[in-house]
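All of these numbers come straight from a predicted model, not from anything done at the bench. To find a chain, count down the sequence lines: A is the first, B the second, and so on, and within it residues start at 1.
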There are 2 protein chains.
Amino acid sequence: MVAQTRTSACSECPIRHRAVCAECGTDDLAVLEMAKSYKTYPAGTRLASEGQPLMHFSSFVAGAATMSRMLEDGRRQTVGLLMASDFIGRPGRAVSAYDVEALSEVTLCRFERRTFETLVKRTPAIAARMLTMTLDELDAARELAVILGRMTAREKVAAFLVSMVRRLALIDGAEVPTDEVTFKLPLSRDQIADHLGLTIETTSRQFTALRKEGLIDLPGGRSVRIPDFQRLTLETGEDDDGGPLD
Amino acid sequence: MVAQTRTSACSECPIRHRAVCAECGTDDLAVLEMAKSYKTYPAGTRLASEGQPLMHFSSFVAGAATMSRMLEDGRRQTVGLLMASDFIGRPGRAVSAYDVEALSEVTLCRFERRTFETLVKRTPAIAARMLTMTLDELDAARELAVILGRMTAREKVAAFLVSMVRRLALIDGAEVPTDEVTFKLPLSRDQIADHLGLTIETTSRQFTALRKEGLIDLPGGRSVRIPDFQRLTLETGEDDDGGPLD
DNA sequence: CGAGCGGTTGATAAGCTTCAAGAAGCGTGG
DNA sequence: CCACGCTTCTTGAAGCTTATCAACCGCTCG
């Protein structure tokens with residue numbers, strides 16, 4: 001496993017205003033600066049394994065990963081996509097409950113587990129931010145439950161594309177598009193299938209079906225062009241606009 | 001909607017050591033005591049509706065409820081079962097993201113939303129407990145995603161019964177049984193189906209199938225007897241024992 | 001006693017998976 | 001630069017699990 005360690009100022013950090021540190025002032029930040037270490041891992045690295053010790057709490061600075069669980073016989077379900085500002089590790093727990101695999105080169109901002117537990121206890125700004133982020137993750141997990149439990153294959157793929165666009169917009173700090181968008185999927189068909197509780201074949205067929213109906217465009221190389229984003233959201237069976245509820 | 005309001009000392013409260021107040025000392029508790037109000041609702045009450053204002057943060061003192069989301073055309077997915085010590089409402093959000101319906105008579109310990117937001121901010125013990133509970137909820141939601149995405153109908157029903165037994169044991173403060181257990185389901189077949197992403201017919205057939213194989217016993221009236229709990233857990237396709245990971 | 005509700009069972013149909021093969025993209029080396 | 005091999009993706013045909021439609025049972029309650 002090739003991994004590089006870098007140091008960089010928190011004030012320059014791309015996730016400064018969205019990660020667990022988002023609500024910290026300069027004084028809190030100085031403490032974090034001392035405790036953190038950046039580390040970069042190549043695509044495909046297993047960042048955590050179910051049942052194995054996980055000795056760091058880490059925030060994603062760049063890159064993406066899947067968080068998944070495997071059943072006895074090899075069936076796999078991805079329960080979350082981790083992207084910039086998301087975290088792995090849980091205060092008060094030394095063992096990972098999921099497998100985490102890097103989809104691309106990933107840079108983590110890491111804290112030794114014990115150290116982070118202390119930081120959460122002593123820094124109200126971190127505790128508050130952790131709570132908000134965890135509540136957001138909870139909403140995302142429940143949204144996934146709705147997708148997995150009640151949507152058709154076609155709706156699942158549409159919902160996946162819609163949520164992908166929304167997340168990428170959030171990371172870019174851009175508005176969620178209303179008409180045309182083009183982006184590159186960080187997941188293979190296989191990985192999308194594991195996320196949607198489908199087989200790779202069904203997933204591929206639904207991509208093809210959406211393409212044939214003009215709802216999406218597949219220029220090649222995992223790129224997706226959505227000519228009319230609003231129209232695609234109608235294919236998910238959900239009526240809300242998915243906007244913030246605060 | 002018939003609802004009664006009662007007052008009772010926190011020290012006497014059945015969820016004193018598991019709810020958001022669990023980590024509070026007597027001084028914090030005195031503050032909560034001032035702000036809280038108990039309220040009891042009959043079975044069937046809609047405690048919250050998706051998209052509607054939710055002006056209280058409430059903990060379940062007694063009773064059970066489902067938390068669900070409905071798609072445009074009426075398909076419903078239950079994303080969580082709420083039981084003693086669980087909460088509804090989210091600090092910083094005035095609108096419910098889900099429908100919440102009482103399965104039995106429910107007693108809530110309620111705080112006016114604004115008041116609770118202040119309490120979380122000012123009381124580290126509450127903030128810390130909220131985080132732990134939310135992380136637990138997150139694990140439960142992801143576990144549900146695995147069930148919905150990758151399990152067969154038979155495994156789903158088995159997994160549901162197993163998790164039900166574990167939760168009831170937790171609430172009773174009892175050990176998770178290893179052999180024989182009997183309990184009463186708080187949900188109808190319909191509600192179980194909505195929780196497992198199945199139809200009522202398939203759910204019923206799987207109950208029958210498990211009964212015919214001697215894995216469960218159905219004495220009538222929503223009662224379930226499990227002669228060999230360990231054996232039932234093997235039917236879920238999961239290999240772990242679901243025990244605490246801390 | 002009959003209506004209504006929750007639950008069970010049966011027959012058929014639909015949607016997704018499985019099995020199988022071929023096409024397209026991508027990196028490597030001649 | 002292109003050929004080769006490997007991986008990813010797509011497409012087809014058949015089978016199976018679950019959904020749908022429909023009927024019936026048993027219990028409760030007026």
Side-chain angles (χ1 to χ4, degrees), chain A residues 42-44 66 71 73-77 101 103-105 147-161 184-213 216-225 235 237, chain B residues 43-44 66 71 73-77 101 103-104 147-161 184-213 216-225 235 237:
Chain A
T66 57
L71 299 185
D73 61 359
R75 283 174 286 176
R76 185 175 288 279
Q77 177 63 49
E101 276 172 279
L103 292 169
S104 57
E105 184 179 273
I147 292 171
L148 294 174
R150 287 301 184 207
M151 288 192 187
T152 63
R154 176 199 176 84
E155 290 168 335
K156 284 179 176 180
V157 171
F160 166 75
L161 293 172
K184 222 180 136 191
L185 289 170
L187 290 81
S188 67
R189 291 285 184 274
D190 228 329
Q191 291 160 339
I192 295 170
D194 279 347
H195 189 51
L196 298 178
L198 299 171
T199 58
I200 180 175
E201 295 95 332
T202 299
T203 305
S204 177
R205 277 186 248 271
Q206 297 307 327
F207 267 92
T208 305
L210 292 175
R211 179 176 58 71
K212 285 187 177 163
E213 292 174 50
I216 63 172
D217 215 33
L218 300 170
R222 289 190 192 170
S223 285
V224 180
R225 195 182 77 88
E235 299 296 318
Chain B
T66 57
L71 299 185
D73 60 359
R75 283 173 286 176
R76 185 174 288 279
Q77 177 62 49
E101 276 173 279
L103 293 169
S104 58
I147 291 172
L148 294 173
R150 286 299 184 208
M151 288 192 186
T152 64
R154 176 198 176 83
E155 289 167 336
K156 283 178 177 181
V157 170
F160 167 74
L161 292 172
K184 221 180 133 191
L185 290 169
L187 290 80
S188 67
R189 291 285 184 273
D190 228 330
Q191 291 160 340
I192 296 170
D194 279 349
H195 189 51
L196 298 178
L198 300 171
T199 59
I200 179 174
E201 295 94 332
T202 299
T203 305
S204 178
R205 277 186 246 271
Q206 298 306 326
F207 268 92
T208 304
L210 292 175
R211 179 177 58 72
K212 286 189 175 164
E213 291 174 50
I216 62 172
D217 215 32
L218 301 170
R222 288 191 190 170
S223 285
V224 181
R225 195 182 77 87
E235 299 296 319

Worksheet entry | A:Pro42 side chain near A:Glu105 side chain, heavy-atom distance below 4.5 Å |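 No, every pair of side-chain atoms sits at 4.5 Å or beyond.
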Could you grab the distance from atom [atom1] of [X] to atom [atom2] of [Y], nearest 0.5 Å is fine?
| X | Y | atom1 | atom2 | value |
| --- | --- | --- | --- | --- |
| B:Leu185 | B:Phe207 | CG | CZ | 5.5 Å |
| A:Leu71 | B:Glu155 | CG | CD | 7.0 Å |
| B:Thr66 | B:Gln191 | OG1 | CD | 6.0 Å |
| A:Leu187 | A:Thr203 | CG | OG1 | 11.0 Å |
| A:Leu210 | A:Glu213 | CG | CD | 6.5 Å |
| A:Leu198 | A:Ser204 | CG | OG | 11.5 Å |

Worksheet entry | Contact list for residues 191-203 of chain A, test salt bridge (Lys or Arg N to Asp or Glu O under 4.0 Å), sequence neighbours left out |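 Found A:Asp194-B:Arg150.
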Worksheet item: What closest approach, in Å, do B:Ala193 and B:Ile200 show between heavy atoms, and which atom pair accounts for it?
Response: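 For B:Ala193 versus B:Ile200, the nearest heavy atoms are CB-N, 3.7 Å.
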Practice prompt. Work out which heavy atom in A:Pro186 is nearest to a heavy atom in A:Arg222; give both atom names and the distance.
Written response: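 Of all heavy-atom pairs spanning A:Pro186 and A:Arg222, the closest is O-NH1, 4.3 Å.
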Worksheet entry | Letter per nucleotide, 5' to 3', of nucleotides 24-30 of chain D [B base touched, S only sugar-phosphate touched, - untouched; heavy atoms, 4.0 Å] | -------
Item to complete: Would you mind building the protein contact string for nucleotides 4-20 of chain D? One character per nucleotide, 5' to 3', B for base within reach (heavy atoms under 4.0 Å), S for sugar-phosphate only, - for untouched.
Response: ----SSBBBB----SSB
Worksheet item: Taking only residues two or more places apart in sequence or in another chain, which ones pass side-chain contact (heavy atoms from CB on, under 4.5 Å) with B:Asp217?
Response: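 Residues passing side-chain contact (heavy atoms from CB on, under 4.5 Å) with B:Asp217: B:Arg225.
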Worksheet item: Any ion pair linking A:Lys156 and A:Glu235 (charged N to carboxylate O, less than 4.0 Å)?
Response: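 A:Lys156 and A:Glu235: not salt-bridged.
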Discussion item. When the axes are fitted on five pairs at both termini, how much does the helix from C:dC1-D:dG30 to C:dG30-D:dC1 curve, in 10° steps?
Written reply: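 Axis angle across the helix from C:dC1-D:dG30 to C:dG30-D:dC1, nearest 10°: 30°.
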Worksheet item: Which two nucleotides bound the region of DNA chain C that has atoms under 4.0 Å from heavy atoms of chain B, read 5' to 3'?
Response: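 Both ends considered, the range comes out as C:dG6 to C:dA11.
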